[in-house]
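Step one of this worksheet: look at the structure below.
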Amino acid sequence: MRAAWTVDFHPLSAECATLHAHAGRRHIPAGLPFRTFELDQSTGELRKRGVRVRLQDQPFQILVLLLEHRGELVTREQIQEKLWARGTYVDYDNAINSAVRRLREALGDAPENPRFIETFARRGYRFIGSLGGSPDKSVPAPAEPNKQPVTEPGWRTGHFGLGALVVLLLVSVGVWWALKLRPPRSATPLNPVPLTAASGWESEPSFSPDGTQVASVWYEGAGMNLQRHIFVKSITGGTPLRLTSGSVQDRSPAWSPDGRSIAFLRVSDAVTSIYVMPALGGAERKVAEGHFALRDIFSRRIAWSPDCRFLVAAEGTSVDAPTFLSLIKVETGEKIRLTTPPEPETSDIDPAFSTDGHKLLFTRCGEAKCGLYVLHLGRDYRAVGKATSLKQEGQDIEGAVWTPDGKDIIYSLFGADENASIMRVRAKAGVRPVRVAFVGEVPFWPFSLAISPCGNRLAYTEILYYAQIGQVRPGKAAAILSPSTRLNLSPQYSPDGKRVVFASTRSGVVEIWVCNSDGGNPMQVTHFDSGFSGSPRWSPDGGSIAFDHEGNQGWRIFVIANDGSEVRKLTADDTTENIPSWSADGKWIYYASNRTGRFEVWKAPVKGGKGIQVTRNGGYTAFESTDGQSLYYTKHGSAGLWKLSLHGGNEEQILPADLGREFAVTNDGIYYIPVHRPHLGSVLLHSFATGKEQEIASLSMDEADDGGLTVSPDHTSILFSALLRADGNVMVVDNFR
């Protein structure tokens with residue numbers, strides 16, 4: 001028999017089974033019973049009526065310590081000494097509070113009316129439960145189903161029954177096949193609540209296995225002083241527990257399936273390292289380093305294998321290179337390549353193991369499209385064959401995860417107007433996904449999805465986004481046009497300069513509005529009452545407005561009279577269509593479409609009809625020159641402004657800067673706001689006459705929002721989407737099934 005005061009787990013890895021050997025005062029016999037519970041130190045398990053209770057290592061160790069000193073006060077200093085080695089940095093008070101709270105939850109105990117653990121304020125705890133006896137391990141047997149007498153049919157009835165059985169079988173097969181390919185039903189709208197209300201950014205949630213705690217990243221500071229650290233927060237409340245600190249950038253926490261460890265990425269200029277640490281704080285250990293993917297703040301970058309022996313991460317050969325998936329052994333840091341994207345500019349990201357470890361879900365993204373893929377795994381999680389495609393999307397997919405039963409996949413679909421929806425799809429090829437409905441989508445930007453293995457909970461990062469219409473005039477400070485408490489973005493001056501069309505959430509959802517040039521007399525133009533309407537553009541005569549709208553069928557281009565009448569869809573093509581603009585003569589509408597597999601610029605007759613492809617090497621936001629001779633456009637996912645003669649010829653790059661949508665083509669040049677340094681925060685003019693750039697105005701707002709830019713006809717005013725504030729909260733949804 002093992003020493004009575006040793007807590008010993010079978011070591012799967014150094015972190016998944018940390019050994020503790022602390023001497024205690026009292027012998028704890030194997031299988032010590034108390035009330036309906038039984039503690040077994042030899043296996044490191046706590047059972048209730050014979051059923052194992054999920055309990056992390058540190059709460060388990062506290063229970064052992066309390067039992068060793070049962071009936072006596074165990075001080076917080078004793079707990080600290082047992083759980084953490086000397087010199088270990090951790091917020092001890094919060095960590096101990098969190099561990100005791102977890103222990104009480106497992107025991108069904110309450111601090112105000114304790115049955116097992118008594119609290120001595122600011123001093124420690126005492127075990128007051130009775131010991132001995134035999135825990136009740138009985139489990140009620142299932143009720144015997146009612147048995148009905150079976151009458152054996154005669155020849156005639158049997159013959160008839162055989163035919164009926166064949167018909168029934170055929171019908172059943174048809175129904176089964178229809179149900180198999182039918183998308184999962186969208187449930188009643190779910191009501192998310194914030195995990196915390198802290199200021200700044202919280203992102204990248206990861207559930208503990210029992211679904212009662214969430215690890216996430218909190219962004220502290222700004223600019224050059226920005227730091228990212230890992231925190232743990234209980235679903236039931238309490239102060240978040242800080243796990244990492246210092247002048248470092250920690251990202252992408254991933255809770256191990258056994259609940260004992262958290263893996264995360266630590267970012268530096270040269271490389272990114274994977275670390276593992278105890279789930280409630282303690283010594284960190286570097287597992288591996290490399291160019292692990294840091295695509296954005298929304299993706300999940302590392303995943304644990306079910307047995308905690310391996311991690312999978314998206315890794316590249318250099319900082320900016322496309323990524324593949326690497327299998328990393330936690331004990332040694334040894335790497336094995338799992339995937340090889342088929343195209344040079346395609347990346348594999350967001351790995352997620354199925355519960356049984358037989359499949360690995362991931363996202364493969366190239367220019368203008370992403371797909372969900374599954375890789376089948378064999379012994380030690382090595383790849384078996386090539387990855388199979390489940391679903392292709394013409395937009396970005398973020399953070400795809402399995403449902404706990406492995407039947408469905410949940411993912412965030414990043415829209416063309418930078419909004420997003422949570423989608424649900426059956427984990428089979430050829431099934432149409434459905435949109436998951438949420439309460440209060442005004443608008444709704446969910447990213448960084450996580451689903452608890454137990455507890456039926458969904459977590460995601462929601463962006464709190466406050467944008468207004470900024471106005472700058474040469475020589476004057478920037479101001480806000482028609483300020484409100486709701487979003488206002490994507491402004492465009494009318495051809496006569498007397499009115500402005502823009503997108504706003506003033507009505508509750510994103511609709512198209514028109515106001516006077518001074519911001520007065522705002523009037524709602526569209527009334528979809530759902531979805532997202534944006535990118536409004538005036539016709540050259542000012543009589544109509546083209547815009548894009550995301551409804552149940554995706555993004556489409558619409559045209560509406562400037563008074564809100566006669567709304568109609570431009571094309572009947574079943575593809576993503578967005579960001580419209582008018583030809584100089586008012587006969588055509590340009591737009592972006594990904595029907596060829598990547599975004600190109602297309603055009604269609606204003607009166608409706610079949611679209612015609614204009615660009616051949618990529619195209620996105622496009623405006624025709626005022627003389628109707630050329631087309632100026634950007635490309636999705638890449639920097640630069642390009643020019644194409646509408647009378648034939650090859651495209652040429654005009655500007656190398658990344659402009660996003662923040663540019664306007666006028667008769668004297670191109671006004672634009674670069675989205676990157678060194679000119680971030682300035683309005684520049686690329687002069688047609690000189691071919692040079694000059695600064696027109698410096699913005700006092702933190703940054704432009706990439707929602708469009710417009711110049712008044714007399715060139716005395718510039719409007720743009722100003723991002724005044726953006727925060728991120730981790731939201732939690734209960735009863736997610």
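Quick caveat, the model's predicted, so the values are computed rather than measured. Side chains included, hydrogens not; waters and symmetry mates left out as well; all remaining heavy atoms used.
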Please check if any side-chain donor atom of E511 sits under 3.5 Å from a side-chain acceptor atom of H527, or the reverse.
-> no

Main-chain N/O of A584 paired to E624 side chain as donor or acceptor, under 3.5 Å = yes

Non-hydrogen side-chain atoms of Q392 and Y373 separated by less than 4.5 Å | yes

If we only count heavy atoms from C-beta on, is the K391 to I397 side-chain gap below 4.5 Å?
-> no

Look only at the side chain of S412 and the backbone of P446, and say whether a donor-acceptor pair between them is shorter than 3.5 Å.
-> yes

Judged by modelled atom types alone, do S717 and Y493 share a side-chain donor-acceptor pair under 3.5 Å?
-> yes

Any chance you could measure R424, atom CZ, to T403, atom OG1, to the nearest 0.5 Å?
-> 5.5 Å

Just do the side-chain contact (heavy atoms from CB on, under 4.5 Å) check on V374 and W402 with the steps written out, would you?
-> CA-CA 11 Å; V374 168; W402 299 93; 4.0 Å; yes

Note: V614 and L644 closest approach over all heavy atoms is O-CD2, 3.8 Å

Identify the two heavy atoms, one from A314 and one from D348, that lie closest to each other, and give their separation to 0.1 Å.
-> CB-O, 3.5 Å

With sequence neighbours excluded, residues passing side chain to side chain contact (heavy atoms under 4.5 Å, CB included) with S484 = Q468, R486, N488, R506

Can you name the closest pair of heavy atoms from L570 and A604 and give their distance?
-> CD2-CB, 3.9 Å

In Å and rounded to the nearest 0.5 Å, what is the CD1 to OG distance from I673 to S721?
-> 9.0 Å

Without placing hydrogens or testing angles, list every side-chain donor-acceptor pair under 3.5 Å for residues 495-503, not counting sequence neighbours.
from : atom 1 : to   : atom 2 : distance (Å)
D496 : OD1    : S494 : OG     : 2.6
D496 : OD1    : K498 : N      : 3.0

Quick one: do F623 and I670 satisfy side-chain contact (heavy atoms from CB on, under 4.5 Å)? Show the steps, please.
-> CA-CA 10 Å; F623 293 99; I670 298 169; over 6 Å; no

Side chain to side chain, V514 and W538, heavy atoms closer than 4.5 Å = yes

Flag for E204-S448: side-chain donor and acceptor within less than 3.5 Å = no

Main-chain N/O of I512 paired to T526 side chain as donor or acceptor, under 3.5 Å | yes

What are the two closest heavy atoms between Q653 and G640, and how far apart are they?
-> NE2-CA, 3.5 Å

Minimum side-chain heavy-atom gap P605-W588 below 4.5 Å | yes

Is there a donor-acceptor contact under 3.5 Å from the side chain of T710 to the main chain of Q492?
-> no

Side-chain contact, heavy-atom cut-off 4.5 Å: V606 with I589?
-> yes

Sorted by first residue and then second, give each side-chain hydrogen bond (donor to acceptor under 3.5 Å, both in side chains) pair with at least one member in residues 557-567; sequence neighbours left out.
-> D563-S565

So, the side chain of S504 versus the backbone of L487: is there a donor-acceptor pair under 3.5 Å, distance only?
-> yes

At what distance, to the nearest 0.5 angstrom, does CG of D350 lie from CG of L449?
-> 9.0 Å

Any side-chain heavy-atom pair of E398 and I422 under 4.5 Å | no

First locate atom CD1 of I409, then atom CZ of R426, and finally report the distance between them rounded to the nearest 0.5 Å.
-> 11.0 Å

Near D627 CG, under 6.0 Å, is it more than 12 heavy atoms from other residues, nucleotides or ligands?
-> yes

Does some side-chain heavy atom of P433 sit less than 4.5 Å from a side-chain heavy atom of E393?
-> yes

With sequence neighbours left out, what residues match E651 under salt bridge (Lys or Arg N to Asp or Glu O under 4.0 Å)?
-> K635

All heavy atoms of V730 vs all of P205, minimum pair found to be CG1-CB, 3.9 Å

Regarding T615 and E600, is there a side-chain donor-to-acceptor distance under 3.5 Å anywhere?
-> yes

Consider only side-chain N and O atoms of T571 and E577, and report whether a donor and an acceptor are under 3.5 Å apart.
-> yes

Carefully, step by step, assess T339 and R364 under the rule side-chain contact (heavy atoms from CB on, under 4.5 Å).
-> CA-CA 10 Å; T339 67; R364 177 166 286 169; 4.2 Å; yes

Between S535 and D548, do the side chains contain an N or O donor and an N or O acceptor separated by less than 3.5 Å?
-> yes

Chi angles and distances behind the side-chain contact (heavy atoms from CB on, under 4.5 Å) call for S507, W513 = CA-CA 10 Å; S507 65; W513 288 67; 4.2 Å; yes

Any pair with a residue in residues 601-618 that passes salt bridge (charged side-chain N to carboxylate O under 4.0 Å, His left out), sequence neighbours left out, goes on the list, sorted by first then second residue, please.
-> none

Beyond-backbone contact of T634 with L641, side-chain heavy atoms, under 4.5 angstrom = yes

Applying side chain to side chain donor-acceptor pair (under 3.5 Å) to S645 and not counting sequence neighbours gives none

Would a line drawn from the ring center of F528 to the ring center of F558 be shorter than 6.0 Å?
-> yes

Which value, rounded to the nearest 0.5 Å, describes the distance between Q613 atom CD and T596 atom OG1?
-> 5.5 Å

Between the side chain of N729 and the main-chain N/O of M731, is any donor-acceptor distance below 3.5 Å?
-> no

Point-to-point distance, once rounded to the nearest 0.5 Å, from CG of N594 to OG1 of T576 | 4.0 Å

Exercise: identify the closest heavy-atom pair between L375 and A387 = CD1-N, 3.8 Å

For K643, does its backbone N or O pair with a side-chain atom of S630 as donor and acceptor, under 3.5 Å?
-> no

Per ring pair (Phe, Tyr, Trp, His ring centres under 6.0 Å), Y632 is matched among Y620, Y672, F688, F663 by F688

